[in-house]
Amino acid sequence: MHRTYDHKSIEDKWQKRWQQEKLYEVHEDTSKKKFYCLIEFPYPSGEGLHVGHVRSYTALDIIARKRRANGYNVLYPIGWDAFGLPAENYAIKTNIHPAVTTKKNTDTYRRQLQSLGFSFDWSREINTTDPAYYKWTQWIFLQLFKKGLAYKAKTLVNWCPSCKTGLANEEVVDGACERCGTGTEKREREQWMLAITKYADRLYDDLDPLDFWEQIKTQQRNWIGRNKGVEIDFPIDTNDTKSNEKITVFTTRPDTLFGATYLVLAPEHPILTQLQNSISNWKEVEGYCKQARAQKDIERTAQGRKKTGIELFGISAENPANGERIPVWVADYVLSQYGTGAIMAVPAHDVRDFEFADIFNLKKIMVVCPHYPKKTCPVLDSAYTGDGHMVASGDFNGQTNAEAAKNITAFVHGRERVTYKLRDWVFSRQRYWGEPIPIINCPTCGFVPVPEEQLPVRLPMIENFKTNDAGESPLAGATDWVNTTCPSCEGLAKRETDTMPNWAGSSWYYLRYTDPHNSNTFSSTEALAYWTPVDWYNGGMEHTTLHLLYSRFWHKFLFDEKQVPTSEPYAKRTSQGLVLAEGGAKMSKSKGNVINPDDMVERFGADTLRLYEMFMGPFDQAIAWSIDNMVGCRRFIERVWRLQEKVKQDAILDEDTSTLFHSTIEKVGTDIEQMHFNTAISSLMILTNHLEKVSSIPEKAYKDLLLLLAPFAPHITEELWSFLNEKKSIHTHPWPLSDVHTALPKTVTIVVQINGKIRGTLLLPSQSAETAVREAAEKNENIAKNLNGKTIKKIIFVKEKLINFVLL
RNA sequence: GGGCGGGUGGUGAAAUUGGUAGACACGCUAGCCUUAGGAGCUAGUGCAGUAAUGCAUGGGAGUUCGAGUCUCCCCCCGCCCACCA
């Protein structure tokens, strides 16, 4: 009977068998309730699988396995998000084609993932670089183009001088390129854009009913940055004549209008050139604007940077509230992309304006007074941004600032407006390793979509992967490919050489999983109707504002096009915490502190690694790696292994053990659903510790233990299961049932307190009434001693918990 | 500056509605066993104290019979965003 636990042979054996038996393949089955759980498919980097991947994938693997045991038809798919910069940068260095690198890396990842025993349906494996896949990425782009949601525009884009490519705002971190860390610049370029801002309101409002973790919703809302405010016109006076020009500002504080002592324009504001003849110091102004634009983002937004600006001589604006003439300035602290690119400055009530006014000696007027009632109010030492009552505001004096906001807006004919921080999505990349944008540039017809029957537009094989000096994609060098005929007029034309960003393929991949081999459509109506939406999606917090928002946008578009049956792609979204190196630093190749999952599987086994990653801390928290603690998980499964010697078919469970079993079944089930994996495992350890103390274990009970452990440690439980003459896999067996009554303990410990201090405990039958508990307490020696001669003022009794004697 | 998390033993951490703080695990200590191992078993392990007992959940106040949990003030750490009017 006794066999030693050899993780390597056991894990190899079962992984092969599961594959042969196609244990985890699923098909639509309308007789069963579906459950679609999804992890973010990995980018197959050269470094191989990260232990952070293992944490996320194990968590959903546990949930997938538990839901299968609950009778659900579970889809848990996997694939590769394989377009992207590292493979291309590697190609530039070594001249090895990205397709070759990608093939090699996906093979490594596949082997690694399979060695961990995840219950993926490998028959649905997808790859974003597969033409049969990106055909549909291109197809979706064409639908966006046909609806006017993909357009080409000359915009200031973030430019990385090292990667020689344009970057989305989201790829610029602290003014530097997310990938290589080089400071980015602003460049003007024709770029393909996607009009995500048209969906801003729906992306914002539709979050409410979703089962996303609250922090994820909040982050998306902040990113969309919806803000309600007012547009107000300020007429412009030139020195000579009254012109008809006006400057429109956006403000969220119309109540402070009487305190607006100057206007500020962004250096890019178009009215500057319109008014240049009236601006007497135009040369200096022009110089300032040029300088501001040339600055790198990192310089322009550096923290603690002193504000700069220049006054426009020769023109002034009129405050529409009181008719006063106020100066107009240009300063780079005003952003051209937000609001109207112009602000009314209220130094007394805005921290930035306060700072600016201090530097240039501009007037401050206090109009919202924190104390009431008052006729006047001195300017404070810093900007006052709170609420109060109006002063120095004409007819509006004495009103609360909330009332005044409405009234002043009406008085100056302000227009209510909603603004967003969200910008349209820069969708062009001057890169090779991405999906070609399926557009043909025709000198006579303009931008012509490639006819759908000609999709996919295949990425041609090239030899030089470098962006050329003009900043064009390497595809520009593939002249045979670039030169083509216009589908519309049949004249000579050129293909678009920009490619898509790697967010493209990941914006819809979860749809392809539902029907991955379909060549007529990206997925059949039936498959989509059955599987969508994704029921549970887990991934990194770092993707909350990028990938998650982009894919919600694409999905909503496809919903509007009647291509998908739901308006949201994901019903539930959760996130795992980071896995850090020992000591708490981030894992990185350069620091040499990366833990390779292969080593862990080799030394401890996949089951131990999985358990360890789930046990070591709360799932949503960052966790530092610890080899020492992994040993504890290995010991735990070895103890379960050794318990097999105690299994006797005719053994009978005593009452305590039976109670513990049922409460453990309860706890493990609910803990898994709440992602409290650490406490689920701890309760299994408690059960195991207890079983070590009983003389023999009934086979049925041991099987229940294995069933509870199976989602966490699928291999060892399958092996032990097979020892019990079970022919079918443990992973096809239903989840054990708990009996609520048996789960309730027969006796409970009651705490006895005197004046709130613990003076003893009593072991009493559960459900004992107050009188019985009091009687027992008073018989207790220590309690009696403490109560002796004292008057009881009050008794607090909490059933099943405590009795507290409050003495005078 | 804004948003969101956190702060509990030597360590990772537990703790329904306020009700035995430290479950579970690592480490450590002592003992046992041995085919000497990255093994197993038994007992112990918040701090102080021989003990009774006292003190302990970042700090301070408060509410309560009773606070890790609720309220107020303050300090510190992490992540994300940030001259967004």
Side-chain angles (χ1 to χ4, degrees), chain A residues 170 173-174 213-219 221-223 225 227 229-230 249-253 256 260 264 266 300-305 307 331-335 337-346 349-353 355-356 385 419-423 541-542 544-545 577-578 580 584 603-604 611-612 615-618 620-636 638-639 642 670 676 678-686 688-689 692 749-761 782 793-807:
Chain A
E170 296 87 314
V173 178
D174 290 334
W213 280 357
E214 211 45 50
Q215 43 189 325
I216 295 170
K217 288 188 186 180
T218 309
Q219 240 183 68
R221 288 195 192 107
N222 290 347
W223 190 263
N227 211 346
V230 175
V249 304
F250 175 77
T251 180
T252 55
R253 294 293 306 272
T256 64
V264 191
R300 190 166 160 176
T301 62
Q303 203 170 24
R305 177 172 166 268
K307 287 191 169 39
D332 64 6
Y333 81 91
V334 173
L335 305 173
Q337 314 95 310
Y338 186 78
T340 59
I343 62 153
M344 62 178 213
V346 187
H349 299 289
D350 181 280
V351 278
R352 293 149 305 182
D353 299 342
E355 188 194 333
F356 192 78
T385 54
T419 57
Y420 306 88
K421 292 179 193 172
L422 187 71
R423 314 276 155 76
M541 270 317 274
E542 71 273 20
T544 304
T545 50
L578 282 177
L580 305 167
R603 279 169 67 185
F604 297 99
L611 272 167
Y612 165 67
F615 180 62
M616 276 324 295
D620 57 343
Q621 247 172 59
I623 163 193
W625 197 262
S626 161
I627 288 267
D628 280 351
N629 288 324
M630 193 130 99
V631 173
C633 292
R634 169 74 189 211
R635 283 183 196 153
F636 165 54
E638 286 188 7
R639 284 209 290 273
R642 267 182 257 122
T670 53
H676 294 165
N678 52 337
T679 50
I681 293 167
S682 112
S683 69
L684 287 169
M685 286 172 168
I686 292 168
T688 303
N689 291 346
E692 279 179 335
T749 308
I750 307 276
V751 174
V752 185
Q753 296 183 335
I754 290 172
N755 286 336
K757 299 231 175 215
I758 293 148
R759 286 292 178 265
T761 57
N782 194 37
K793 189 178 148 197
K794 192 159 103 176
I795 291 177
I796 311 276
F797 176 69
V798 183
K799 207 170 168 187
E800 306 272 275
K801 293 269 186 209
L802 67 69
I803 186 160
N804 184 10
F805 297 92
V806 184
L807 306 181

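Here is how names work: the chains are called A, B, and so on, in the same order as the sequence lines, proteins then strands, and each is numbered from 1.
- Aromatic ring orientation, Tyr333(A) versus Phe356(A): tilted (interplanar angle from 30° to 60°).
- The P atoms of A21(B) and U57(B) are separated by 12 Å, rounded to the nearest whole Å.
- Residue Leu802(A) is in base contact, counting any heavy-atom pair closer than 4.0 Å across all strands shown.
- With hydrogens and angles ignored, a donor-acceptor pair closer than 3.5 Å exists between the side chain of Gln753(A) and the base of G19(B).
- Under the rule for a side chain to side chain contact (heavy atoms under 4.5 Å, CB included), the partners of Glu638(A) that lie at least two apart in sequence or sit in another chain are Tyr5(A), Arg634(A), Arg642(A).
- Between the side chain of Asn804(A) and the base of C65(B), a donor-acceptor pair under 3.5 Å is found.
- Listed by first residue number, the stems of RNA chain B with at least three Watson-Crick or G-U pairs below 3.5 Å are B:1-7 with B:75-81, B:10-12 with B:24-26, B:27-32 with B:40-45, B:46-48 with B:53-55, B:58-62 with B:70-74.
- At the heavy-atom level, Asn689(A) lies under 4.0 Å from the strands shown only through sugar-phosphate atoms.
- As judged by a 4.0 angstrom heavy-atom cut-off over every strand, Arg603(A) is placed among the base-contacting residues.
- Within 4.0 Å (heavy atoms only), Thr251(A) reaches sugar-phosphate atoms of the nucleic acid but no base atom.
- Using a 4.0 Å heavy-atom cutoff across all strands shown, Asn678(A) reaches sugar-phosphate atoms only and no base atom.
- Counting any heavy atom pair closer than 4.0 Å across all strands shown, Ile796(A) reaches a base atom.
- For C81(B), its base never sits under 3.5 Å from the side chain of Lys421(A) at any donor and acceptor pair.
- Using a 4.0 Å heavy-atom distance criterion, Phe636(A) is classed as making no nucleic acid contact.
- Among the protein residues, Gln621(A) comes within range of the sugar-phosphate backbone only, with heavy atoms under 4.0 Å from sugar or phosphate atoms but none that close to a base.
- Comparing A14(B), C24(B), C41(B) by their nearest atom to the side chain of Ser682(A) picks out C24(B).
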